[in-house]
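Each remark here refers to the structure printed beneath this line.
When a ligand or atom number is given, it counts from 1 through the structure's own listing order. No experiment lies behind these values; they were computed from the predicted model shown. Worth knowing before you read on, the calculation uses all heavy atoms, side chains too, and leaves out hydrogens, waters and symmetry mates.
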Amino acid sequence: MSSPVSAPVDAAAPDSVLKPDFATKRRHFIFEDHHDQLRESIRTFAQRELAPHAEEWEQTTFLDWVFKRMGELGFLGLSYPEQYGGQGGDYYSNLVLAEEIVHANSGGLAMGIAVHTDMATPPIHLFGTEEQKQNYLVPAIKGEKISCLGITEPDAGSDVSGIKTRAVRDGDEYVINGSKTYITNGTRADFIVLVTKTDPDAGYDGFTLFLVDTDTPGYIVENKLEKLGMHASDTALLAFSDMRVPASAVLGQVGKGFYHIMWELQGERLIGAAGCVAGAQKVFEKTLAFAQERTAFGRPISKFQVTRHKFAEMATKIESARQMVYTTAWRHHNGEYPVREISMAKLHASRIAVEVADECIQIHGGAGYMREYGVERVWRDMRLNRIGAGTDEVMLDVIGRSYGL
Ligand SMILES: Cc1cc2nc3c(=O)[nH]c(=O)nc-3n(C[C@H](O)[C@H](O)[C@H](O)COP(=O)(O)OP(=O)(O)OC[C@H]3O[C@@H](n4cnc5c(N)ncnc54)[C@H](O)[C@@H]3O)c2cc1C
């Protein structure tokens with residue numbers, strides 16, 4: 001591991017006095033020089049090529065060329081092996097993407113990309129056959145095929161075991177009937193990683209994942225859903241009516257889909273937590289600049305003690321969440337399966353991101369309520385994180401149960 005960016009103070013030197021080094025920029029020990037370079041290139045790309053469209057994409061949703069462009073730049077396969085067109089990087093590269101994409105100023109775009117890179121494609125990489133990797137993972141990394149992930153149904157969200165979408169074997173095929181809702185990228189995707197029940201009597205051993213092309217007869221996009229925030233992403237209600245797929249469309253093991261998707265959710269939650277920390281940091285910095293400019297009662301509002309303390313509270317929350325994310329990522333990177341800590345990081349980061357965005361609206365005063373300043377959008381976008389990928393209550397339940405309760 002390379003050395004930190006700044007050298008430690010030599011307290012023993014006769015002319016040195018220990019002073020707080022608030023302005024020093026230090027890299028966390030999980031990152032190395034190549035992560036910094038990646039960080040720089042993703043940030044530059046997001047600021048130059050994405051952020052200028054952020055407002056327009058709130059109306060139209062972000063355009064499909066973003067996938068193609070990010071594929072060309074290698075950003076859609078950072079930790080996938082080079083043999084599939086990936087960059088062969090480590091898990092921390094995915095964290096860097098989740099952190100730097102916030103500079104696109106578009107929560108919806110960040111979510112649509114994260115669904116593709118960290119939710120729908122990881123199960124193909126881990127569980128897929130070589131043929132499936134060639135047909136789906138390779139074009140997904142190039143940005144030529146867009147993916148989505150179908151778990152949630154109108155009657156089953158938190159309780160994944162309650163899904164009703166059925167896949168019934170018929171010769172060399174399966175016939176799938178059912179529906180999925182709130183599916184990100186659902187109106188634009190070329191394929192879906194679909195969670196179904198193949199044996200309703202087998203409990204957790206009765207689930208199977210499928211890889212399905214969205215142009216398969218019987219695949220229906222029922223509706224594009226309107227929502228509170230994340231307007232730059234598309235969210236769909238899908239239906240499957242006698243949709244026939246070959247047996248080769250099974251992803252992973254027949255009957256083990258529940259375990260496969262629980263594994264997938266861990267990566268999804270950790271990446272979501274990283275995005276929350278980065279989003280909170282960005283709105284914090286924006287608000288800091290605002291508070292130093294804005295005056296009331298003859299002084300910048302940042303000079304009121306109450307405002308100073310608000311920033312201190314927010315900074316402490318952000319830092320605590322960041323440390324949880326990095327430490328948990330380090331464990332994940334080193335081969336552990338830290339479900340409890342991932343749940344804690346997801347819960348804490350989602351909560352503090354919403355709290356920070358809310359406080360930033362408050363510090364902005366009326367401006368915080370105006371769309372022009374973009375702070376209210378951060379709050380609306382961030383609010384999803386306490387619901388999506390497992391609600392706060394579900395995270396608390398996972399954590400509580402991990403103690404045998
Ligand atoms: C914008 C958006 C994008 C999404 N994208 C996707 C996607 O791409 N793919 C996908 O599959 N899903 C997606 N989702 C779905 C998301 O993961 C679910 O909304 C979430 O898991 C909650 O499920 P639910 O909405 O059915 O709520 P419910 O499960 O009905 O929960 C309702 C309330 O009951 C509480 N509750 C439920 N069970 C318990 C319990 N055991 N103990 C205590 N409280 C409980 C919940 O915490 C919640 O407060 C998305 C959702 C949104 C809003």
Side-chain angles (χ1 to χ4, degrees), residues 58 61-62 106-123 140 146-165 178-197 207 209-212 214 221-240 251 257-258 260-269 271-273 275-276 279 343 346-347 350-351 353-354 377 379-402 405:
E58 285 294 288
T61 73
F62 76 92
S106 176
L109 180 145
M111 179 168 74
I113 297 298
V115 163
H116 185 76
T117 54
D118 288 274
M119 302 176 200
T121 51
I146 299 171
S147 60
C148 67
L149 174 66
I151 308 173
T152 309
E153 299 186 357
D155 293 326
S158 303
D159 180 10
V160 176
S161 67
I163 65 160
K164 295 193 182 119
T165 295
S179 63
K180 297 285 169 187
T181 195
Y182 310 144
I183 305 306
T184 304
N185 296 341
T187 69
R188 67 169 97 207
D190 296 292
F191 68 89
I192 184 170
V193 173
L194 185 63
V195 185
T196 72
K197 250 183 198 166
F207 294 77
L209 305 187
F210 286 86
L211 265 169
V212 182
T214 57
V221 177
E222 292 267 17
N223 203 357
K224 184 173 173 184
L225 304 168
E226 300 289 326
K227 46 195 191 295
L228 172 73
M230 297 290 196
H231 288 163
S233 70
D234 63 298
T235 309
L237 172 64
L238 306 175
F240 318 111
L251 177 61
F258 188 83
H260 294 345
I261 213 64
M262 288 300 131
W263 170 84
E264 179 284 323
L265 280 168
Q266 304 312 314
E268 169 171 351
R269 287 171 183 162
I271 282 299
C276 284
S343 309
K346 198 273 184 188
L347 173 73
S350 305
R351 282 179 166 174
V354 176
R377 168 137 62 91
W379 182 88
R380 287 188 286 109
D381 289 352
M382 285 294 177
R383 188 62 184 78
L384 171 64
N385 293 293
R386 293 188 50 206
I387 299 169
T391 63
D392 284 7
E393 294 75 19
V394 167
M395 292 305 98
L396 287 166
D397 222 46
V398 172
I399 297 163
R401 282 171 192 270
S402 75
L405 302 174

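For the residue pair Thr187 / Lys224, no side-chain donor-acceptor distance below 3.5 Å is found, with atom types taken as modelled.
Listed by number with element, the atoms of ligand 1 under 4.0 angstrom from any heavy atom of Ile387 are 19 (O), 20 (C), 21 (O). Per-residue contacts place Ile183 under 4.0 angstrom from the following atoms of ligand 1 (heavy atoms of the residue considered): 7 (C), 8 (O), 9 (N), 10 (C), 11 (O). Of all atoms in ligand 1, listed by their number and element, those nearer than 4.0 Å to a heavy atom of Gly157 are 23 (O), 24 (P), 26 (O), 29 (O).
Minimum interatomic distance between Arg269 and Gly390 (heavy atoms only, all atoms of both residues): NH2-CA, 3.9 Å. The heavy-atom pair separating Ser233 from Met111 by the smallest distance is OG-CE, 3.3 Å. Scanning both residues, Asn185 and Gly112, for their nearest heavy atoms gives ND2-O, 3.0 Å.
In terms of N/O distances under 3.5 Å, ligand 1 is not approached by Asp159. In terms of polar-atom proximity, Asp397 is not counted as a contact of ligand 1, lacking any N or O under 3.5 Å from an N or O of the ligand. When only interatomic distances are considered, the shortest N/O to N/O separation between Leu149 and ligand 1 falls below 3.5 Å. Residue-to-ligand polar distances place Thr152 within reach of ligand 1: an N/O pair is separated by less than 3.5 Å. Every N/O-N/O distance between Thr181 and ligand 1 stays at or above 3.5 Å. Considering backbone and side-chain N/O atoms, Ile151 comes within less than 3.5 Å of an N/O atom of ligand 1. The shortest N or O to N or O distance between Lys227 and ligand 1 is not below 3.5 Å.
Judged by distance alone, the side chain of Arg386 and the main-chain N or O of Ser350 form no donor-acceptor pair under 3.5 Å. No donor-acceptor pair under 3.5 Å is formed between the side chain of Arg383 and the backbone N or O of Val354. Of the possible polar contacts, one joining the Lys346 side chain to the Asn385 backbone as a donor-acceptor pair under 3.5 Å is found. Using modelled atom types, one side-chain atom of Thr121 and one backbone atom of His116 make a donor-acceptor pair closer than 3.5 Å. Side chain of Glu264 to main chain of His260: no donor-acceptor pair is present (N/O by atom type, distance under 3.5 Å, no hydrogens or angles).
Within the 4.0 angstrom cut-off, atom 9 (N) of ligand 1 has one or more protein heavy-atom neighbours. Within a 4.0 Å radius of atom 34 (O) of ligand 1, the protein contributes no heavy atom. Distance check for atom 39 (C) of ligand 1: every protein heavy atom is found at 4.0 Å or beyond.
For the side-chain contact (heavy atoms from CB on, under 4.5 Å) test with Phe207, the passing option among Ile261, Thr196, Ile163 is Ile163; the others fail.
Nearest non-hydrogen protein atom to atom 49 (O) of ligand 1 is Glu393 OE1, 3.6 Å. Scanning all protein heavy atoms for the shortest distance to atom 53 (C) of ligand 1 gives Leu384 CD1, 3.3 Å. From the protein, the heavy atom lying nearest to atom 5 (N) of ligand 1 is Tyr182 O, 2.7 Å.
Comparing Ala114, Gly162, Ser158 against atom 36 (N) of ligand 1, the shortest heavy-atom distance belongs to Ser158.
Neither the backbone nor the side chain of Val394 comes within contact range of ligand 1; no heavy atom lies under 4.0 Å.
Contact analysis puts Ala389 in contact with ligand 1, with a non-hydrogen atom separation below 4.0 angstrom.
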